[in-house]
Protein chains: 2
Amino acid sequence: MATLRDIAARVGVSVTTVSNVLNGRPNAGRDIREQVLRAAKQLGYRPNRAAQAMRTGRTRAIGLVLPDLTNPFFPELAQAVENTARSAGLLVCLIDSQGKVEGEADGFSLLMQHAVDGVIWCPLGPTAPATLSNFSKPVVLVDRPQPRYDVVQSDYAMGGRLLAEYALRMGHTSIGLLSGPLRIESARQRRDGFVNALPDKRRIAWELNVGFDGHLSCDAVGALTRRRSATLVVCGNDLIAISAIRCLAEHGIRVPDDISVTGFDNIRWADLVTPRLTTIAQPIGAIGAKAVELMRERMSGEALVSRRTIFDVALVERDSVRRLVPR
Amino acid sequence: MATLRDIAARVGVSVTTVSNVLNGRPNAGRDIREQVLRAAKQLGYRPNRAAQAMRTGRTRAIGLVLPDLTNPFFPELAQAVENTARSAGLLVCLIDSQGKVEGEADGFSLLMQHAVDGVIWCPLGPTAPATLSNFSKPVVLVDRPQPRYDVVQSDYAMGGRLLAEYALRMGHTSIGLLSGPLRIESARQRRDGFVNALPDKRRIAWELNVGFDGHLSCDAVGALTRRRSATLVVCGNDLIAISAIRCLAEHGIRVPDDISVTGFDNIRWADLVTPRLTTIAQPIGAIGAKAVELMRERMSGEALVSRRTIFDVALVERDSVRRLVPR
DNA sequence: GCTGTGTAGTGTAACGTTTCACTCGGCAGA
DNA sequence: TCTGCCGAGTGAAACGTTACACTACACAGC
C-alpha cells in the first residue's frame, strides 16, 4: 500500500504538503497540487485508516446493533444503512444480538474496542446495557425510542389508526389482537394507536402478546380464534401475521374467507405470500438513510439536542382482509 | 481510555513490560505480572485497536461481502458469521453490494482501507473485481466456488439428485425448470445435479433462467406453465419458488392441486407460506460458522492449499408437491 | 575465576498520519 | 527602505502499540 511518504518522494515535496493537498487544505500551489493528486492516483493511494484513527481518534466506521436479522425488517434496514453509510465513506460494523442482552453488551464492548465513531442501534429493550454508560460516542436509535437519544421511526400511532379506520370501513366489529411485546415501545405504539382509534374498546374480542420474531403457539392462536368471535386479527408485524395465517391454515381456518388478518411493516414477503397481506407500509429504506444522516451530523458535532424523526406510514390494501359490508 | 503508559506509570515498570505481560509473553516475574494485571483491570484498560493495527498490520476485524440481504439466505448466513466471529473476538464489517459489481468493488476498497484481516465473500459473479487483485489478505468464499479460493458450500449436486429422485417417486414425468442464473456456479450445480439424475432428459418440458432475487415475470411463468405440460416446477431457490407460487395464483393455477413446486435452501419462510414449501435444506448456520473457522486458520497462517468444505443437504417434504402415483 | 546460559526487565525505533510552529521569499503600504 | 503580512512549503512531534536489541544480574559447570 502506498503511503504519503511514497507520494512525497515521487513528487519531491514533504509529507506534510502531500497531506495538506489530499485533505484539501489551501496551502499548496496549483502545480504541486496537481502533481500530488496525479501521483496519488497512479500509486493507488488509500489513507491508512488505522494511522488516521490513531492520530485523530476517529475511525470512519460505525456500529449497527440489531436484535435479529432473521426478522426481514432488519436486513432491509441494514441494507439501507450500509449503502448510505458506504456512499459517505463510512464502514458499517454489524452486531446481531440474536435477542440476547448479553449479546448486545458484548457487541458494544467489541465496537468500543474498535473505536467506532458512533452506533446505530435498535435496542432489545428499555434498559441499555451497562456497557453503554461508558460509551461516549453518538448513538442514533432506530424504531425504538428511548429518552435522551436521537431516534428515527415511523408514525406507528398513525399506522394503528389507519388500520382501525380500515377495519371499520370493511365492517369488522369484533377484533383479535396479536400484539408484539408491549415492553417494546414500538409494539405498544402500534397497538395503542389501533385501540385508541376504535370508537368502542369492547370491539376487542381478545388479545395475545407474542414475540416480534413470529414464533407463536399455533394451539393458542387456534383456540382463541375458534372460541371467540373475532372476524379480523390485527398483528403486530408481518412476521406474526404470516405465521398466524399458517397456524390458522393448520386449524382449517382460511384467510380471508373465514377470518381476516392484517400485518405491519410491509416487508417484501407481504406481497409474496398467499393471500397477499394487507398491511401498513413503513419506509424502511428512508429510515435507514435518515439514521445515517443523523449519525453524520452527530459525528461532526453539529447536533446538540436529541431529535426525533417520524416518517408517515400508509395502508397497503391487498387480499388478506375480507369486506363484510357493502361498499 | 487508559493506555499502556498509564499502567506502566502506576506500577512503576516500563511500557514494554506491561505490553509483555498483557500479551502473555514469558519475560516477567510473578509479582510484577500480577500488579500489571491488577492495574489494567482497575483502569479498565482496553487495547487501542488502531495503534495495534498500525504496528502489527492486523485489525481483528473481517469483512463480510454479500450480494443481497433481501434474499433471506444471506441474513441467516450473516447472523451465523457475526456470532461465530464475535465469540472469537472478531468484528464483522458488512458490505451489501445490492447485486451491483461496482458496489462489490467499492466495498472491497473500503474494507482494504480499514485493513480488515480477511474477507468472507459470496461473489456476485465469476469475475472478481479488479480491486481484489491487490487485496493480499485471506478470502473465504461462501456458496459460490471459484478457483484458488477456500470455499464453504452445500452439496448442491446432491440436492438436485434428491429432488430428481423425489420427483420421480411422486410420479412427475414432465418438469419445468425455473433455474437461477447459470453463470453462477451454485445455480448451475443445482440445476445440473437435478437434470443429470433424471433418467431421461426429455422430461424437461421447459426451462427459464431467472435471478436468485425472485423478481420474475409472472406473464412469462404463466404462459410457460399454461402452454407446456409440466406437472412440477423445480426452482433454483425458495425465493423463486415462493414468487412462482404467487404468480401461478394470479393466473388461477393452484399449488399443489394444479401444479407442484419445489424450492431450495429451506429458508425460514419455506415453512410459513401456504402451501408449505417442499425444498432442500442446507445448514446455513453451519456454513457461516465453518467459514469463520477457515478464516481464522488462514489468519493465523496455517492453511496453505485452498480447501473446499461441502455440507450434506436433505430433502424436506412439505405440502407443495402432489403425489401423482399411488405409493 | 571464567564462561555460558537463563531470567527479568529496559530503551528506542518504528508503523502512517495529522498538527503545530516554523522558514523563506515576495510584495504592498507607509 | 523598512515593516508587516501573505502564500507556499517544511520539520518534527505525537498518537499507542509492538519488536528488536540490549543490560544487569544470578547461577551452574568446569
Side-chain angles (χ1 to χ4, degrees), chain A residues 1-37 39-40 43-61 89 91 112-117 136-137 299-300, chain B residues 1-37 39-40 43-61 89 112-117 136-137 299-301:
Chain A
M1 267 289 206
T3 72
L4 288 188
R5 186 146 55 204
D6 298 334
I7 301 177
R10 172 175 288 218
V11 178
V13 293
S14 73
V15 171
T16 305
T17 298
V18 178
S19 171
N20 285 336
V21 170
L22 260 21
N23 288 288
R25 278 182 280 264
N27 43 348
R30 261 262 169 277
D31 50 340
I32 290 270
R33 178 178 306 274
E34 273 169 25
Q35 283 183 63
V36 166
L37 259 16
L43 294 171
Y45 171 76
R46 305 235 150 242
N48 178 322
R49 293 285 180 212
Q52 279 183 325
M54 195 161 91
R55 203 48 256 256
T56 63
R58 18 187 51 232
T59 50
R60 304 198 58 72
L91 185 66
M112 279 172 72
Q113 270 180 49
H114 282 264
V116 293
D117 289 342
S136 53
K137 301 290 173 56
M299 278 167 57
S300 61
Chain B
M1 269 291 205
T3 71
L4 288 188
R5 187 146 54 205
D6 298 332
I7 300 177
R10 171 176 288 219
V11 178
V13 294
S14 75
V15 171
T16 304
T17 299
V18 177
S19 171
N20 285 337
V21 170
L22 260 22
N23 289 288
R25 278 182 280 265
N27 43 347
R30 260 261 169 278
D31 51 340
I32 291 268
R33 178 178 305 274
E34 272 168 25
Q35 283 183 66
V36 167
L37 259 17
L43 294 172
Y45 172 76
R46 303 226 153 251
N48 179 322
R49 294 276 182 219
Q52 278 183 326
M54 194 159 92
R55 199 55 254 256
T56 62
R58 22 187 48 233
T59 50
R60 303 199 57 73
M112 279 172 71
Q113 273 179 48
H114 283 265
V116 293
D117 290 341
S136 52
K137 301 291 173 58
M299 279 166 57
S300 60

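Chain identifiers are assigned alphabetically (A, B, ...) following the order of the sequence lines, protein sequences preceding nucleic acid strands; residue numbering begins at 1 within each chain. Because only heavy atoms are used, hydrogens play no part in the values below, and waters and symmetry mates are left out as well, while side chains stay in.
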Taking A/T59 for the side chain and A/A115 for the main chain, is one N or O donor matched with an acceptor at less than 3.5 Å? yes

In B/S/- notation (B base, S sugar-phosphate only, - none; protein heavy atoms under 4.0 Å), nucleotides 11-16 of chain C written 5' to 3' is BBBBBB

A/R33 CZ to D/dG7 P, straight-line distance once rounded to whole Å: 13 Å

Examine the side chains of A/T16 and A/S19 and answer whether a donor and an acceptor come within less than 3.5 Å of each other. no

Whole-Å distance between D/dC15 P and B/D6 CG? 11 Å

Identify the heavy atoms of A/L22 and A/A40 that sit nearest to each other, and give their distance. CD1-CB, 4.3 Å

Phosphate oxygens OP1/OP2 of D/dG9: is one of them under 4.0 Å from a side-chain N or O of A/R25? no

Rounded to whole Å, please give me the gap between CG in A/N27 and C1' in C/dC22. 13 Å

Does A/T17 place a side-chain N or O at less than 4.0 Å from the phosphate oxygens OP1/OP2 of D/dT10? yes

What's the shortest heavy-atom distance between B/A28 and B/R33, and which atoms? O-NH2, 3.3 Å

Between the main-chain N or O of B/R60 and the side-chain N or O of B/D117, is there a donor-acceptor pair closer than 3.5 Å? yes

Under 4.0 Å between a side-chain N or O of B/N20 and OP1 or OP2 of D/dT18? no

Could you tell me the separation between the CZ atom of B/R60 and the P atom of D/dT17, rounded to a whole number of Å? 16 Å

Phosphate oxygens OP1/OP2 of C/dT17: is one of them under 4.0 Å from a side-chain N or O of A/S19? no

Check the distance between D/dA8's P and A/Q35's CD and give it to me in whole angstrom. 15 Å

Round to the nearest Å and state the distance from A/I32 atom CD1 to D/dT10 atom C1'. 12 Å

Will you find, in the side chains of A/Q52 and A/R49, an N or O donor that is under 3.5 Å from an N or O acceptor? yes

